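Reading through the structure tokens given below for one structure.
If you're wondering where the values come from, they're calculated on a predicted model, not measured in any experiment. Chain identifiers are assigned alphabetically (A, B, ...) following the order of the sequence lines, protein sequences preceding nucleic acid strands; residue numbering begins at 1 within each chain. The figures that follow rest on heavy atoms only: side chains count, while hydrogens, waters and symmetry mates do not.
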Protein chains: 2
Amino acid sequence: MRTLSHPDVQDIALDQVLSALADPIRRRIVTQLAGGHDDQACIAFDLPVTKSTSTHHFRVLREAGIISQRYRGTAILNCLRDEELAERFPGLLEAVLGAETR
Amino acid sequence: MRTLSHPDVQDIALDQVLSALADPIRRRIVTQLAGGHDDQACIAFDLPVTKSTSTHHFRVLREAGIISQRYRGTAILNCLRDEELAERFPGLLEAVLGAETR
DNA sequence: GGGTAAGTACGAAGAATGCCGTACTACGAG
DNA sequence: CTCGTAGTACGGCATTCTTCGTACTTACCC
């Protein structure tokens, strides 16, 4: 089984989180994960970019510590690391998600 | 008198705010403005860059709607637009400022 | 085993960003 | 009027980011 590396909670960096969330495509992924159920495969996101670009954005989010990814078959299940983010940077994710909808 | 253009509250864009705050030098400016008194001239910020780079960062913050700037003599007085930001994106600035100190 | 679906690796092109130096403008002090 | 201070405009350079295409891997299904 392939493995994907995720930063520990205490290693999540504000710089990375903010620049990851500054991109509209990546915010769209985060918003969809927050709004719907967890465990959505990458393919479930209807993004206006090719597969390889999509891979890139998911990786940026994972390496920033915003989402977690794990394999199931050939697919990847994505989860928002909302509780960990709230622990590290309280209120940040909520504020961005709230701001998104206006 | 020279004038500087600032976006209206309703025109402040999440994209611009987040990418402006993603830069550590710009967050340092914002943190100093939030912590200390308002109306600090650009020169009052001890930034590890040259004057022209400094000008660039202040402009990014102003055009994003995060700070306001007005001339007094040859100097520029900088203020955090905290109330307007709180109106547009509630909790966002507080979360970033809080996150900064850990 | 063969085919298919989901995602990755890699390289490349183009745009954006961060930084600098130099030359400049605007204002105030003397 | 002249000088100094605070900041700007502009151009250039290096780096990073976004996007893509193509070729590849991995796992499931028949």
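Distances shorter than 4.0 Å separate some side-chain N or O of B:Thr55 from OP1 or OP2 on D:dT8. Applying the 4.0 Å criterion to OP1 and OP2 of C:dG7, one finds that A:Arg59 has every side-chain N and O outside that range.
Of the possible polar contacts, none joining the B:Arg88 side chain to the A:Ala99 backbone as a donor-acceptor pair under 3.5 Å is found.
If you measure from atom CD1 of A:Ile67 to atom C1' of C:dG7, you get 13 Å, rounded to the nearest angstrom. The CG-P distance, from B:Leu77 to D:dA6, rounds to 13 Å in whole Å. Rounded to whole Å, the distance from CG on B:Leu18 to P on C:dA16 is 19 Å. In this structure, A:Ile76 places its CD1 atom 12 Å from P of D:dA27, rounding to the nearest Å. Atom CZ of A:Phe58 is separated from atom P of C:dA9 by 15 Å (rounded to the nearest Å). Between the CD atom of B:Glu63 and the P atom of D:dA9 there is a distance of 10 Å, given to the nearest Å. For the pair B:Leu4 CG and C:dT25 P, the interatomic distance rounds to 18 Å; values are reported in whole Å. Atom CZ in A:Arg72 sits about 13 Å away from atom P in C:dA6, given to the nearest Å.
Exactly one residue among B:Asp23, B:Val30, B:Val17 makes a side-chain contact (heavy atoms from CB on, under 4.5 Å) with B:Leu61. That residue is B:Val30.
Residues B:Pro7 and B:Arg81 form a side-chain contact, since some pair of their non-hydrogen atoms from C-beta on lies under 4.5 Å apart.
The cluster map of Ile, Leu, Val, Met, Phe, Trp and Tyr, joined by side-chain heavy atoms under 4.5 Å apart, puts A:Val60 and A:Leu85 in different clusters. A:Val96 and A:Val9 sit in two unconnected hydrophobic clusters of ILVMFWY residues. Membership requires side-chain heavy atoms under 4.5 Å apart, directly or through other members.
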Check the interface with nucleotides 17-21 of chain C: list each N/O to N/O pair with the protein under 3.5 Å, or write none.
residue : atom : partner : partner atom : Å
C:dG18  : OP1  : B:Asp23 : OD2          : 3.3
C:dG18  : OP1  : B:Arg26 : NH2          : 3.2
C:dG18  : OP2  : B:Arg26 : NH1          : 3.3
C:dG18  : OP2  : B:His56 : NE2          : 3.4
C:dC19  : OP2  : B:His57 : NE2          : 2.5
C:dC20  : OP2  : B:Thr50 : N            : 2.9
C:dC20  : OP2  : B:Thr50 : OG1          : 3.4
C:dC20  : OP2  : B:Thr53 : OG1          : 3.0
C:dG21  : N7   : B:Ser52 : OG           : 3.3
C:dG21  : O6   : B:Ser52 : OG           : 3.0

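Sequence neighbours left out, the pairs with a member in residues 52-71 of chain B that pass salt bridge (Lys or Arg N to Asp or Glu O under 4.0 Å) are B:Asp39-B:Arg70.
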